[in-house]
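The chains referred to below are lettered A, B, ... by the order of the sequence lines, with proteins before strands, and numbering in each begins at 1.
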Protein chains: 2
Amino acid sequence: MTRECNNSMLRRASRMLGQVYDDALAPSGLRATQFGLLAQIDIMREPALRELAAEMVMDLSALGHTLKPLIRDGYVALVPDKKDRRVKHVTLTKAGRKKLEQTSKLWADAQRRFEKTFGDKRAADLRAVLEELSSEDFRKAFTGGS
Amino acid sequence: MTRECNNSMLRRASRMLGQVYDDALAPSGLRATQFGLLAQIDIMREPALRELAAEMVMDLSALGHTLKPLIRDGYVALVPDKKDRRVKHVTLTKAGRKKLEQTSKLWADAQRRFEKTFGDKRAADLRAVLEELSSEDFRKAFTGGS
DNA sequence: CTTCATTTCTGGCATATGCCAGTATCTGAT
DNA sequence: ATCAGATACTGGCATATGCCAGAAATGAAG
């Protein structure tokens, strides 16, 4: 049954890929998840916690927990919004940007090896499928599926 | 960068799918991961912890931790091997088998909705790709990739 | 301007995972 | 029989995630 379960298979592959990417990034001291978070923050430019969580398809509180180590290590900081005092924006510190840039080299290498092993086109196709599965549209179609 | 990262996209999709499958199984009180574990144990028939961990592509100690709640709730039990006293086998209790069978209905429904939303063939193809990514062969090709 | 619902975070608790350092066995070489 | 090295777990610590119950701030009514 497990091999027929889309969810179980996805998690299994996540564990595997997580391990190899983690190994690849190990010299940086960052986990693959942390690297992904820093990269996303960098792209979004001071997103509110809520916005970042939505983009990551992550629970807001889970995001908060996950950011703790990065804040503690000085890579990320939270800055309150000027207008709405409920909102906090996430930003990379100078150290965070530097760490992100350095780690990017390790990531690029892992990424290259992945594409070489799995195939460039197949990888791109896979990412497109995963993007689709991560979308709100998919959730709605699945949940509200008549 | 994040959308180009195979690992980040895989995790993102995992979070999404985890949420919808968890929701679907919620009435049973089991998480989708726990259900998957029970199903795998059922298939393997009293596997050693090490064997189960390998099949799940999971760290041995992580498996141990993950089993704790299931043991506590009486769905799973560990039985020492007769020959080799280092080895412990994992087995479903009667309650575990019953819970698995009941929950299977909820799982089948979620699975059906997934396939309807995503497409039967696409789902099967995706699972095949995920199986490939979870394989030791892939890890070797990636790691030792010249 | 109060009141109440809504929105955004924070904190506590629980599961999911992994790494590393033991501990108990087992095995093979001497 | 002995002892070094390999194996199979266990436990402690740390990150990854999620749910739920607050607390703080906003916004919409009246």
With respect to the phosphate group of [N], does any side-chain polar atom (N or O) of [X] fall under 4.0 Å of OP1 or OP2?
| X | N | value |
| --- | --- | --- |
| B:Arg72 | C:dT15 | yes |
| B:Arg11 | D:dT17 | yes |
| B:Gln34 | C:dT15 | no |

Starting from [atom2] on [N], measure out to [atom1] on [X] and report it in whole angstrom.
| X | N | atom1 | atom2 | value |
| --- | --- | --- | --- | --- |
| B:His89 | D:dA8 | NE2 | C1' | 11 Å |
| B:Leu17 | C:dA16 | CG | C1' | 16 Å |
| B:Leu78 | C:dA24 | CG | P | 18 Å |
| A:Asp22 | C:dA16 | CG | C1' | 14 Å |
| A:Leu10 | D:dT17 | CG | P | 13 Å |
| B:Lys82 | D:dA8 | NZ | P | 20 Å |
| B:Lys88 | C:dA24 | NZ | C1' | 11 Å |
| A:Asp73 | D:dT15 | CG | C1' | 11 Å |

TODO: Within residues 48-68 of chain A, find the residues that approach DNA chain D with a heavy atom at under 4.0 Å, and present them sorted by residue number.
DONE: A:Met58, A:Asp59, A:Ser61, A:Ala62, A:His65, A:Thr66
Task: Residue mapping more 5' on DNA chain C - nearest nucleotide basis, A:Arg31 or A:Val87 - done: A:Val87
- [ ] Taking A:Arg15 for its side chain and B:Met56 for its backbone only, find out whether a donor-acceptor pair lies under 3.5 Å.
- [x]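 Flag set: sc A:Arg15 to bb B:Met56 pair under 3.5 Å.
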Task: Earlier contact from the 5' end, DNA chain D, for B:Asp84 and A:Lys83 - done: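 That would be B:Asp84.
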TODO: Evaluate the criterion side chain to side chain contact (heavy atoms under 4.5 Å, CB included) for residue pair B:Tyr75 and B:Leu30; output intermediate values, then yes/no.
DONE: CA-CA 11 Å; B:Tyr75 298 138; B:Leu30 286 182; 4.1 Å; yes
- [ ] State plainly whether one hydrophobic cluster holds both B:Met58 and B:Met44, where clusters connect Ile, Leu, Val, Met, Phe, Trp and Tyr through side-chain heavy atoms under 4.5 angstrom apart.
- [x] yes
Open item on the list: Could you work out how much the helix from C:dC1-D:dG30 to C:dT30-D:dA1 bends, comparing the axis of its first five pairs with that of its last five, to 10°?
Closed with: 10°
Can a salt bridge be assigned to the pair [X] and [Y] using a cut-off of 4.0 Å between side-chain N and carboxylate O?
| X | Y | result |
| --- | --- | --- |
| A:Glu46 | A:Lys82 | no |
| B:Lys83 | B:Asp81 | no |
| B:Asp125 | B:Arg122 | no |

Open item on the list: Can you confirm whether B:Leu37 sits close enough to B:Thr66 that some side-chain heavy atom of one is under 4.5 Å from a side-chain heavy atom of the other?
Closed with: yes
Task: Non-hydrogen side-chain atoms of A:Phe114 and B:Leu133 separated by less than 4.5 Å - done: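 Of all side-chain heavy-atom pairs linking B:Leu133 with A:Phe114, at least one is under 4.5 Å.
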- [ ] Kindly check if the number of other-residue, nucleotide or ligand heavy atoms within 6.0 Å of CD (B:Glu101) is above 12?
- [x] no
Open item on the list: Using a distance-only criterion (donor-acceptor N/O pair, under 3.5 Å, no hydrogens), is the base of C:dT25 paired with the side chain of B:Arg86?
Closed with: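 Per atom types, the contact qualifies.
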- [ ] Check whether the side chain of A:Arg15 and the base of C:dT17 form a donor-acceptor pair under 3.5 Å.
- [x]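 Side chain to base: no pair present.
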Task: Sole candidate of B:Arg45, B:Arg97, B:Lys98 that passes side-chain contact (heavy atoms from CB on, under 4.5 Å) when paired with B:Leu92 - done: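 Exactly one option meets the side-chain contact (heavy atoms from CB on, under 4.5 Å) with B:Leu92, and it is B:Arg97.
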